[in-house]
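What follows is a single structure, written as structure tokens, with notes after it.
If you read the sequence from its start, that first residue is 1, and numbering goes on from there. All values below come from the heavy atoms of this structure, side chains included, with hydrogens, waters and symmetry mates left out.
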Amino acid sequence: MSVQARNNVVVKGQGPLTLVFAHGFGCDQNMWRMVEPTFAKRYRTVLFDMVGCGKSDIGAYDIDKYSTLAGYAEDIIEIIQEFKQGPVVFIGHSVGAMAGVMAANLSPGLISAHAMVGPSPSYITDEDYPGGFTRDDIDALLSTLESNYLGWSSAMAPRIMGNSETPELGAELTNSFCQTDPDIAKRFARVTFLTDSREDVRQLREPVLVIQSSDDFIAPRAVGEYLTQVIDDCRMVLVENEGHCPHLSQPAACIDAIQTFLDQTCGHLPA
């Protein structure tokens, strides 16, 4: 099976950089449709669906491989190796950003910079980390999801999206969740909400941009501030936005933040 078919890889544009866009839980590459086209005018862009999501080859889904984030990171490494031209900037949403972090650490030098939208290295709060949820919260969320995935999706997707004045975005996220195979979604949810990537982000040496919504109950502002403290070269841009998907609800602000980051780092990226 080819990497392109496995992950439904779509390559556009040409330019001095390759921008690789990774989606989050319950989503697919279509979630970048308001952001990626702007960059395809100046750069090579690579979009893909994680195995089990979107139009990926569901026959490639392996329970053991994808029981941890490492399985998704291995796919990302293969995608970048096959389709990159020049330095690579990895643009990841939510758990997609953490998969990119793991890929960078597994294959040093492959990724030259990261732009993370709503990232969270761990969703569980402990004494020195503000994850936003207790372990009981996460266990309850996963229990509900596993017992009634479609009901969970209908209730949670609009909350995750926020921006109640544009209900069509919440409906879109609900539909995206509901189109994912429920068994795969349940397993991916456990990977998403139980993985602790704090040591992984501490190892990053590439420049990092964190795009943080001002009101995001999934990845609160304190998480973004934490990342700026533990990553050597990390800056945060706060976008006035309610919800976890500013690339859909505030795309212009995300485009501006990413382009400014590219302008500031392009000349310093290794070839």
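By the 6.0 Å and 45° rule, R159 stacks over the aromatic ring of F217.
In the hydrophobic clustering of this structure, V117 does not group with L238; members are Ile, Leu, Val, Met, Phe, Trp, Tyr whose side-chain heavy atoms approach within less than 4.5 Å, directly or through other members.
Pairing each heavy atom of D196 with each of S122, the nearest pair is OD1-CB, 3.8 Å. Nearest heavy-atom pair across P220 and G131 is CD-O, 4.0 Å. When all heavy atoms are compared, the tightest approach of V210 to G224 is CG1-CA, 4.2 Å. The minimum heavy-atom distance between A60 and V51, with the atom names listed, is C-CG1, 3.8 Å. What you find for T180 and G26 is that their closest heavy atoms are OG1-O, 4.1 Å. The heavy-atom pair separating A257 from I211 by the smallest distance is CB-CD1, 4.0 Å.
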* Could you walk me through whether I124 and F193 pass the side-chain contact (heavy atoms from CB on, under 4.5 Å) check? -> CA-CA 8 Å; I124 298 173; F193 291 107; over 6 Å; no

* Mind running side-chain contact (heavy atoms from CB on, under 4.5 Å) on Y66 and M50 for me, showing each step along the way? => CA-CA 10 Å; Y66 297 110; M50 294 188 189; over 6 Å; no

* To do: For side chain to side chain donor-acceptor pair (under 3.5 Å), just list the numbers for D137 and T134, CA-CA rounded to whole Å, side-chain angles, deciding distance to a tenth of an Å, and then say yes or no.
  => CA-CA 5 Å; D137 292 334; T134 67; 3.1 Å; yes

* Starting from the C-alpha separation in whole Å, work towards a yes-or-no answer on side-chain contact (heavy atoms from CB on, under 4.5 Å) for E199 and V230. => CA-CA 9 Å; E199 282 304 311; V230 301; over 6 Å; no

* Evaluate the side-chain contact (heavy atoms from CB on, under 4.5 Å) criterion for residues I91 and V35: first the C-alpha distance (whole Å), next the side-chain angles of each, then the deciding distance (0.1 Å), finally the verdict. => CA-CA 11 Å; I91 303 174; V35 171; over 6 Å; no

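Applying the salt bridge (Lys or Arg N to Asp or Glu O under 4.0 Å) test to residues at least two apart or on different chains, the pairs with a partner in residues 100-128 are D126-R198.
Without hydrogens or angle criteria, S154 side chain to G151 main chain gives no donor-acceptor distance under 3.5 Å. In this structure a side-chain-to-backbone donor-acceptor pair under 3.5 Å is present from S2 to A5. A donor-acceptor contact shorter than 3.5 Å links the side chain of S153 to the backbone of Y149. Of the possible polar contacts, one joining the Q29 side chain to the N8 backbone as a donor-acceptor pair under 3.5 Å is found. With R42 contributing its side chain and A40 its backbone, the two residues share no donor-acceptor pair below 3.5 Å. Of the possible donor and acceptor atoms, none in the side chain of D139 sits under 3.5 Å from a partner among the backbone N and O of D136. Looking at T195, its side chain does come within 3.5 Å of a backbone N or O of V191 through a donor-acceptor pair. A donor-acceptor pair is defined here as one N or O able to donate and one able to accept, closer than 3.5 Å; such a pair exists between the side chain of K186 and the backbone of E146. Distance alone, capped at 3.5 Å, places no donor-acceptor pair between the R44 side chain and the G86 backbone. Here the side chain of S143 pairs no donor or acceptor atom with the backbone of A140 at under 3.5 angstrom.
For the pair M161/L248, a side-chain contact is recorded, criterion being any heavy-atom separation below 4.5 Å from C-beta on. In this structure, H244 and S213 have side chains that are not in contact, with every pair of non-hydrogen atoms separated by 4.5 Å or more. Using a 4.5 Å heavy-atom cutoff, the side chains of F261 and P207 are in contact. Annotation: side chain of F39 is in contact with side chain of L262 (closest heavy-atom distance under 4.5 Å). Contact annotation: the side chain of M98 never approaches that of D200 to less than 4.5 Å [non-hydrogen atoms, C-beta and beyond]. Side-chain contact between V101 and S197 is absent, with no heavy atoms from C-beta onward closer than 4.5 Å. Under the 4.5 Å side-chain criterion, counting only non-hydrogen atoms from C-beta, V223 is not in contact with D216. Under the 4.5 Å side-chain criterion, counting only non-hydrogen atoms from C-beta, T265 is not in contact with L209.
Relative orientation of the H93 and W32 rings is perpendicular, given thresholds of 30° and 60° on the angle between their planes. Using bins of under 30°, 30° to 60° and over 60° for the plane-to-plane angle, the ring pair F48/F90 lands in the tilted bin. A tilted orientation is assigned to the rings of F25 and F188, their planes being inclined by 30° to 60°.
Within the model, atoms CG of L17 and NZ of K84 stand 11.5 Å from one another, a figure rounded to the nearest 0.5 Å. Between the CE atom of M116 and the CD1 atom of I258 there is a distance of 12.5 Å, given to the nearest 0.5 Å. Here the straight-line distance linking atom NE2 of H247 with atom CE of M31 works out to 7.0 Å at 0.5 Å rounding. The CD atom of Q229 lies 9.5 Å from the CZ atom of R202; values are rounded to the nearest 0.5 Å. Taking CG from N30 and CG from L47, the interatomic distance works out to 9.5 Å, rounded to the nearest 0.5 Å. Taking OH of Y72 as the reference point, atom SG of C53 lies at 6.5 Å (rounded to 0.5 Å).
When each of D49, D75, D57 is checked for a salt bridge (charged side-chain N to carboxylate O under 4.0 Å, His left out) with R6, only D75 meets the rule.
The residues R235 and D233 are annotated as salt-bridged, a charged nitrogen and a carboxylate oxygen being separated by less than 4.0 angstrom.
The local environment of NZ in K65 is crowded, with over 12 non-hydrogen atoms from other residues, nucleotides or ligands closer than 6.0 Å.
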